[in-house]
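What follows is a set of notes on a single structure, which appears directly below.
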Amino acid sequence: MLRILAFMRASPILMIRTRQRFTNCFGSDALRFALVSYTAQILILETMPFSCKWILSVLNKAISKTVESLEAFEFSDAANTVYAWWQYQFCDVYIEAIKPYFASDNPTFASERAHAQHALWTSLETGLRLLHPLMPFVTEELWQRLPSPKDTERKASIMMCDYPTAIETWTNEKVESEMETVHATVKCMRALRAGLLEKQKSERLPGFALCENNLTSEIVKSHEFEIRTLANLSSLEVFIKGEHAASPGSSVETVNENLKVYLKVEGAINTEAEQEKIRNKLGELHKQKDKLQKMMRVSTYEEKVPANIREDNATKLAKILQEFDFFEKESARLAA
């Protein structure tokens, strides 16, 4: 009973936000257009676009976690899980990623458009059933608005439908891992745009990705379409370290140890602000390097520290020194 009361006290704001998010989703022109002529199909995961595989995989995880939370009477956790899926994965990422498929009748996207329609309807219908115990009236209303696939029959009410269960074939850890790289890259590109532009924030700009190795390069290249779409880029060039020098008028951001991104914004860069950002980064790297080297210089280090940990520390130090060298060169590039 205490858990239920705690959920009821904590849930009003969450429920208001969720309803607002549903209104935005269902009011989307792209969403309505995508579902107007939807025909039920069999899910063929192997041929689906990357973003469709991803949304079904993360939906599967949301289902498992929600069911687990409800069975444990952790209602707040269940509500947060469903809300996070709707807002941060379905609305913020998936709908935006598939919009180009429906922007025109381009025959190039015919297959992607059909798959996206099916994944979209499946995600909406399953997502509403997943949330139904927590928001019964809203989900019933929206479920009734959801168009029925042609030549199929649905039950009279969402209350008569089975509650979602995880579907093993939807889970795809590789796709989720690659989407993490895509999402981190997009966030950095957006951060660069927000920090550099004021009146041109919606302008499509060229971007560059500088990769430390072939594996990272292959991931970024294979998902260039999603990165360009979500980061609103006019183009994206991908390079491996040593093959490319950043063009003048570009600002850099670190995605992770294997990936840096540049946004070309001619005439909008505040060189001193960029230099200050690099100085701060160099300061952080200097502290990490000193701390690691100090530990490695201890007289008993070789004797008492296991070989695998010494190897890890040596790898960390090498990466720190690489980063240090990279940002020193960036500072020199900006100064020139």
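With hydrogens and angles disregarded, no donor-acceptor distance shorter than 3.5 Å links the side chain of Arg204 to the backbone of Asn232. Under a 3.5 Å cut-off, the side chain of Thr139 and the backbone N or O of Met135 do form a donor-acceptor pair. Of the possible donor and acceptor atoms, one in the side chain of Ser222 sits under 3.5 Å from a partner among the backbone N and O of Glu218. Under a 3.5 Å cut-off, the side chain of Arg129 and the backbone N or O of Met159 do not form any donor-acceptor pair. The main-chain N or O of Gly207 is never found under 3.5 Å from a side-chain atom of Arg228 such that the two would form a donor-acceptor pair. At distances below 3.5 Å, not a single donor-acceptor pair connects side-chain atoms of Ser57 with backbone N or O atoms of Thr171. At least one donor-acceptor pair under 3.5 Å links the side chain of Ser69 to the backbone N or O of Lys65. Lys260 contributes no side-chain N or O that, together with a main-chain N or O of Leu210, makes up a donor-acceptor pair within less than 3.5 Å.
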Going through the checks in order, is the salt bridge (Lys or Arg N to Asp or Glu O under 4.0 Å) test met by Glu125 and Arg154?
-> CA-CA 11 Å; Glu125 201 274 339; Arg154 279 199 298 163; 5.2 Å; no
Take Leu233 and Met189 through the test side chain to side chain contact (heavy atoms under 4.5 Å, CB included) and record every step on the way to the result.
-> CA-CA 9 Å; Leu233 301 176; Met189 287 291 192; 4.1 Å; yes
Apply side chain to side chain contact (heavy atoms under 4.5 Å, CB included) to the pair Val182 and Trp54, showing each step before the final yes or no.
-> CA-CA 12 Å; Val182 170; Trp54 172 77; over 6 Å; no
Check the pair Asn80 / Trp85 against side chain to side chain contact (heavy atoms under 4.5 Å, CB included), numbers first and verdict last.
-> CA-CA 9 Å; Asn80 283 322; Trp85 179 83; over 6 Å; no
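Listed here is the closest heavy atom pair of Arg193 and Ala231: NH2-O, 3.1 Å.
Side-chain contact check for Thr229 versus Pro100: some heavy-atom pair is nearer than 4.5 Å. At least one side-chain heavy atom of Tyr94 sits under 4.5 Å from a side-chain heavy atom of Leu120. Between Leu128 and Trp86 the shortest side-chain heavy-atom distance falls below 4.5 Å.
Among the candidates Arg310, Lys316, Glu311, the single residue satisfying the side chain to side chain contact (heavy atoms under 4.5 Å, CB included) test with Asn313 is Lys316.
There is a side-chain donor-acceptor pair under 3.5 Å between Asn213 and Thr216. If you check the side chains of His223 and Glu178, you find a donor sitting under 3.5 Å from an acceptor. There is a side-chain donor-acceptor pair under 3.5 Å between Glu140 and Gln144.
Ring-plane geometry between Tyr88 and Tyr83 is classed as perpendicular, the angle between the planes exceeding 60 degrees on a 0 to 90 degree scale with a lower cut at 30.
Residue-environment remark: NZ (Lys304) stays at or below the threshold of 12 foreign heavy atoms within 6.0 Å. Atom NZ of Lys187 is surrounded by 12 or fewer heavy atoms from other residues, nucleotides or ligands within 6.0 Å.
Taking the ring centroids of Phe239 and Tyr262, they lie at or beyond the 6.0 Å cut-off.
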